[in-house]
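Beneath this line is the structure, given in structure tokens, with notes to follow.
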Amino acid sequence: MFLSVFDMFKVGVGPSSSHTMGPMVAGARFLDALRASPFHAHGLKASLHGSLAFTGKGHATDRATILGLAGFAPDSYDNAKAEATLAAIAETGTVTPPGLPALKFQPETDLVFDYGPNLPGHANGMILMATDAQGDVILQETYYSIGGGFVLTEGELMNADKTAARPTGCPYPFESAAKMLEMAAQSGKSIAEMKRANELHFRSARELDEGMARIWQVMNDCIERGLATDGILPGGLKVRRRAKGIHQALKAEQGLNLTAPHTINDWMSVYAMAVNEENAAGGQVVTAPTNGAAGVLPAVIRYWLDHVPGASQSRIGDFLLTAAAIAGLCKHNASISGAECGCQAEVGSAAAMSAAGLCAVMGGTPEQVENAAEIALEHHLGMTCDPVKGLVQVPCIERNGLGAIKAVSAASLALRGDGKHFVPLDSAIETMRQTGHDMHEKYKETSLGGLAVNIPNC
């Protein structure tokens with residue numbers, strides 16, 4: 001099992017990695033298949049299923065699908081160009097992807113929200129089709145957006161276990177936290193050092209370091225934009241941005257002896273909220289491991305850099321590598337998809353990743369790092385995903401702030417101990433998987449239960 005730091009941390013666009021980035025990626029993949037096909041297409045069709053249908057409008061899934069079929073990709077997304085393209089498609093009823101002729105596509109009729117049963121592979125399913133001049137389907141593929149911007153075809157999903165079992169050649173191929181700790185003890189290396197060695201099997205040190213520097217730059221830029229922007233978030237709930245106002249108040253209090261000790265929680269929250277307000281507005285974010293949970297990890301890094309003595313930019317790579325190792329375990333052994341396992345899989349995984357990263361850069365042993373991740377994840381178990389109106393706003397924005405606070409507390413508790421603890425991280429991850437399996441569908445990102453139906457006038 002190998003999941004790169006660049007698999008877990010992807011530069012993309014809000015508001016959702018599974019509902020926005022995933023469908024856009026699926027569209028681009030289908031275009032590649034069409035370019036390689038011997039058939040001559042005349043038009044395109046798409047159908048959205050499961051959670052992609054139920055919360056598709058709020059998560060901009062329809063928009064992302066159209067843009068994916070027009071040739072857009074999350075990591076190079078240009079909002080002004082996207083708006084112009086969407087307007088042209090609405091006017092002409094055609095898409096003009098690079099390397100293909102103009103293809104008929106009427107969004108009102110050729111993009112279907114199917115509110116029937118889920119497709120069999122995953123709660124986030126979509127079917128993309130190419131048609132000939134008579135409207136007959138000549139090429140069709142089913143895609144599943146499985147969380148964090150990861151997309152698999154139906155065939156790939158069916159063979160996922162076999163693919164994961166293939167040897168990678170990595171020097172430290174751990175698939176569990178127990179194996180990770182065993183390898184750390186045998187090698188004398190930290191989790192970050194083992195993860196770095198695995199990464200260097202696939203890329204140069206320069207590529208790795210420059211790539212991680214870009215990840216942090218995009219994360220930090222997102223925080224700064226969120227702290228500088230106010231107004232009303234799109235989508236109809238009329239949620240007001242709060243990060244800018246809270247940040248200004250916190251800065252004004254500095255040096256005035258007005259700050260209570262617990263105010264540090266407000267700093268953690270405001271960094272996270274800044275990111276998730278940007279995400280809700282469709283801005284550029286980094287999956288960590290998803291868009292809906294994108295604020296937790298950047299907030300913890302920023303808290304460490306700005307508020308913890310001895311913090312150093314030079315250790316950010318170790319933070320990210322450690323966090324990516326934990327994220328890989330969560331994804332491989334359970335899920336990072338809210339549609340599959342609820343928000344425990346998104347903010348819970350993000351908190352575990354962040355707690356591990358912070359513990360590592362503050363001098364924690366591998367055992368303490370594993371303990372930090374376990375504490376953070378354990379206390380998110382059972383958390384539902386019930387976004388009001390299908391928007392990644394309520395309760396998602398504040399939830400990232402509380403996830404960051406829990407992550408820092410978990411790291412602090414772990415550092416106070418010697419790494420020995422009662423519940424192994426592997427057990428917490430397996431519990432998350434089982435809990436997600438047992439959780440009712442209406443509490444897993446469909447907005448058919450929980451807060452989504454108990455807030456009046458939404």
Side-chain angles (χ1 to χ4, degrees), residues 5-6 8-12 148 190-192 195-196 208-227 243 247 250 264-279 283-327 330 346-364 368-369 372-373 375-376 397 399-412 414-415:
V5 65
F6 302 118
M8 306 316 304
F9 301 117
K10 301 185 186 76
V11 177
S190 68
I191 294 169
K195 181 65 175 168
R196 183 178 180 86
L208 176 60
D209 292 336
E210 289 181 351
M212 290 193 296
R214 183 185 178 229
I215 287 170
W216 170 240
Q217 186 65 57
V218 175
M219 285 179 172
N220 199 44
D221 288 348
C222 187
I223 292 175
E224 291 300 324
R225 289 195 309 274
L227 295 178
H247 186 236
L250 288 170
I264 192 62
N265 291 340
D266 298 339
W267 282 99
M268 295 180 220
S269 292
V270 79
Y271 296 142
M273 290 170 66
V275 172
N276 285 87
E277 287 176 357
E278 279 295 291
N279 179 64
Q284 187 182 59
V285 298
V286 176
T287 61
T290 66
N291 282 30
V296 178
L297 188 137
V300 174
I301 294 180
R302 184 67 179 264
Y303 155 78
W304 172 62
L305 290 174
D306 290 1
H307 302 276
V308 178
S312 169
Q313 291 265 356
S314 65
R315 298 295 310 283
I316 290 176
D318 289 341
F319 193 117
L320 293 175
L321 288 167
T322 305
I326 301 303
C330 291
E346 296 203 32
V347 170
S349 295
M353 294 159 57
S354 304
L358 180 62
C359 185
V361 297
M362 292 187 68
Q368 289 172 315
V369 168
I375 293 170
I397 295 171
R399 184 167 287 175
N400 275 256
L402 273 293
I405 292 169
K406 284 187 181 182
V408 172
S409 296
S412 182
L415 287 166

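Since the structure is predicted, the reported quantities are computational estimates derived from the model, not experimental observations.
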Quick check: closest heavy atoms across [X] and [Y], and the distance to 0.1 Å?
| X | Y | result |
| --- | --- | --- |
| A414 | Q368 | CB-O, 3.4 Å |
| I191 | A325 | CG2-CB, 3.8 Å |
| L415 | C359 | CD2-SG, 3.7 Å |
| A355 | A372 | CB-O, 3.5 Å |
| A373 | A356 | CB-CB, 4.2 Å |
| G292 | N276 | O-ND2, 3.3 Å |

>> Using modelled atom types and a 3.5 Å cut-off, is there a donor and acceptor pairing between side-chain atoms of T287 and backbone atoms of K10?
In response: yes
> Taking S354 for the side chain and V408 for the main chain, is one N or O donor matched with an acceptor at less than 3.5 Å?
Replying inline: no
> Is D221 salt-bridged to R214, going by a charged N under 4.0 Å from an acidic O?
Replying inline: no
Do [X] and [Y] touch side chain to side chain, with heavy atoms closer than 4.5 Å?
| X | Y | answer |
| --- | --- | --- |
| R302 | E224 | yes |
| M219 | V275 | no |
| N265 | M268 | yes |

>> Would you call the rings of Y303 and H307 parallel, tilted or perpendicular, taking 30° and 60° as the class edges?
In response: parallel
> Would you call the rings of W267 and H247 parallel, tilted or perpendicular if under 30° counts as parallel and over 60° as perpendicular?
Replying inline: perpendicular
>> Among residues at least two apart in sequence or on other chains, which ones pass salt bridge (Lys or Arg N to Asp or Glu O under 4.0 Å) with K195?
In response: E199
Atom [atom1] in [X], atom [atom2] in [Y]: separation rounded to 0.5 Å?
| X | Y | atom1 | atom2 | answer |
| --- | --- | --- | --- | --- |
| E346 | C330 | CD | SG | 12.0 Å |
| M273 | L402 | CE | CG | 10.0 Å |
| I215 | F6 | CD1 | CZ | 5.0 Å |
| R399 | K406 | CZ | NZ | 9.0 Å |
| S409 | L358 | OG | CG | 10.0 Å |
| E278 | N291 | CD | CG | 12.0 Å |

>> Show every side chain to side chain donor-acceptor pair (under 3.5 Å) that has at least one partner inside residues 317-326, sequence neighbours left out.
In response: R315-D318
Taking only residues two or more places apart in sequence or in another chain, which ones pass side chain to side chain contact (heavy atoms under 4.5 Å, CB included) with [X]?
| X | answer |
| --- | --- |
| A272 | A299, N400 |
| A323 | F9, L297, M353 |
| I316 | W216, I301, W304, L305, Q313, L320 |
| A350 | P289, A293, V296 |

